[in-house]
Amino acid sequence: MKDPVPDTLTLDEATKESQYVHQVYDQIASHFSDTRFKPWPVITSYLDRQPRGSLGVDVGCGNGKYLRSADIFMLGTDLSPPLVDICGQRGHDALVSDALQLPFRSGAFDFAISIAVIHHMASDERRKRAIEELVRVVRDQGTVLVFVWALEQETKGRRRFDGSTQDVLVPWVVPGSRQDEHAPDQVFHRYYHLFRDGELAQLAGQVPGCTVVESGYDRDNWYVVIQRQNA
Amino acid sequence: MRLITHNMLTCHVKNCEDPDKQFPLRFKDAKLEQIEAERNDEFLVRMLPRLDWAALLITANELNIALPEKVPAQPENDDAFLQALHTAILETHVQEGSMVCNGCGHEYKITKGIPNMLLAEHEI
C-alpha cells in the first residue's frame, strides 16, 4: 500500500479538483463502489433518528450506500456519472450535480448528509460554500450531517499521515487482477484537505443562519451536525 | 426519477432568478414508466408539507396524471387521495426526456432515469 504524499501541485482549485478528484472517481467508479458497502454507525444512527416521512438528500452519495426509500425518502447527488448510474440501477433517485451549485429549491429537505465529500475541495471558500449550500436546501430547523477525514488518525490502519501538512494526495490502487491475472495494478492519486480538530465546526460556524448542534470524532473522521435556524 | 424528486428541482443558471419561471421545470419529450411501490400512508401524510402542491399540479397536468386540485383537510382519512398521491409521486418515473426552464430556456437532460443538472461554466 503506497503512502500519501504532501500536495505540492500548483494548479488552481477547479483544475486540481477536476484532475485529482472528479476524473479519478470516474475511472475508479466500479472498484470504488465495490469497496463501499459497510455503512458507518454514526451515520446510520442519524438516519434512523429522522421521523417517518422525512425527506433528505445525500450530497456526494457515491454508489448510494446511504440512500433509503422506506420510512424516509432520500435522493442522492454526485458529480460522478458512473457512480450516479449505480444508484439508478439500485432503484434510487439520484442526479448528477455539483455540490457547490445544488439544483434544489431552498428549504426543500428535512435533512441533508454529506459524507467524505468536502475534504476533496481545494480551498476554504469552496469547503465553506459547500456547507452553505447544504444549509440552504434544508428547511428551518432542519439538520445537516457532515463527515470529513481527520488529520489526526487514531487507528494505525492503512493510511498514515504526516501531521505537518493538511493538503495531501492519497493513492487509490485498482488491482490489476480486476482485469486479468497479468495486468498491473493502477494507482490514482486523490486530493484531500485533512481537517484539524475543531476546523470543521469552525468552518460551519462561519456560515450564517445555522448552529453546530453536535460534533465528534469517529473512525478517523471529524463530523458535525448543523441545524438551520432562520432568524 | 420519481416526481417527488422533480418537485424539489429548480433551475440554477446564473441570473435565472424568477421563482415563478425557474420552478417547476417543464418536461419535454418525457418517457414515463410506472413502477409499483408499497404504499405507506403515514409516510405520505408526513411527506405532504415538503411538496409544493401548486407545482405538482402543473407537472401532473403536463404529464396527464390524475391528481386532486386540493389537499383534503384530513388526508389521512382519504384513501382515494392517498392512492393518487402515492401513484403520482412515488410510482411515476421519468426515464428519458428533458426538463426545460420557463425562465432562461436551459434544458436539463434525463437519461436512464438520471437527470444531469450540471451547468456550463458561463452559466454558474
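In what follows, chains are A, B, ... by sequence order, proteins preceding strands, each numbered from 1.
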Any side-chain heavy atom of B/Met47 sitting closer than 4.5 Å to one from A/Leu55?
yes

Please find the pair of heavy atoms, one from A/Ala108 and one from B/Arg50, that lie closest to each other, and give the distance.
O-NE, 2.9 Å

Could you give me the CA-CA distance, side-chain angles and deciding distance for A/Val96 and B/Ile114, then say whether side chain to side chain contact (heavy atoms under 4.5 Å, CB included) is met?
CA-CA 7 Å; A/Val96 178; B/Ile114 305 223; 4.2 Å; yes

Interface residue of largest heavy-atom contact number with chain A, from B/Leu90, B/Ile110, B/Leu118, under 4.5 Å:
B/Leu118

Closest heavy-atom contact between A/Ser97 and B/Met117?
CB-CB, 4.2 Å

Quick one: which of A/His92, A/Arg105, A/Arg52 has the most heavy-atom pairs under 4.5 Å with chain B, could you say?
A/Arg105

At a heavy-atom separation under 4.5 Å, does B/Asn40 approach chain A through its side chain, its backbone, both, or neither?
side chain

Within a 6.0 Å radius of atom CD on B/Glu69, are there more than 12 heavy atoms belonging to other residues, nucleotides or ligands?
no

How long is the gap from CG on B/Asn7 to CZ on A/Phe104, to the nearest 0.5 Å?
12.0 Å

Considering only heavy atoms from C-beta outward, does the side chain of A/Gln101 approach that of B/Ile124 to under 4.5 Å?
yes

Heavy atoms of other groups near B/Gln34 CD, more than 12 under 6.0 Å
yes

Where is the tightest heavy-atom contact between B/Phe43 and A/Asp71, given as atom of each residue plus distance?
CD1-O, 3.2 Å

With a 4.5 Å cut-off on heavy-atom pairs, point out which of B/Ile4, B/Leu48, B/Thr111, B/Leu44 contacts chain A the most.
B/Ile4

For the student: nearest non-hydrogen atoms of A/Ala94 and B/Pro115, plus distance
O-CD, 3.5 Å

Below 4.5 Å, heavy-atom pairs only: which of A/Asp93, A/Thr77, A/Leu95 has the largest tally toward chain B?
A/Asp93

For B/Lys112 and A/Asp85, which heavy atoms make the closest approach, and how far apart are they?
NZ-OD2, 4.0 Å

Over 12 foreign heavy atoms within 6.0 Å of CD, B/Glu38
no

May I ask you to name which of A/Gly53, A/Ala14, A/Pro103 has the most heavy-atom pairs under 4.5 Å with chain B?
A/Pro103

Is there a side-chain contact between A/Pro51 and B/Arg46, using heavy atoms and a 4.5 Å cut-off?
yes

Check each atom of A/Leu75 against the heavy atoms of chain B and say whether the ones under 4.5 Å are side chain, backbone, both or neither.
side chain

A/Ile72 versus chain B, heavy atoms under 4.5 Å apart: side chain, backbone, both or neither?
backbone

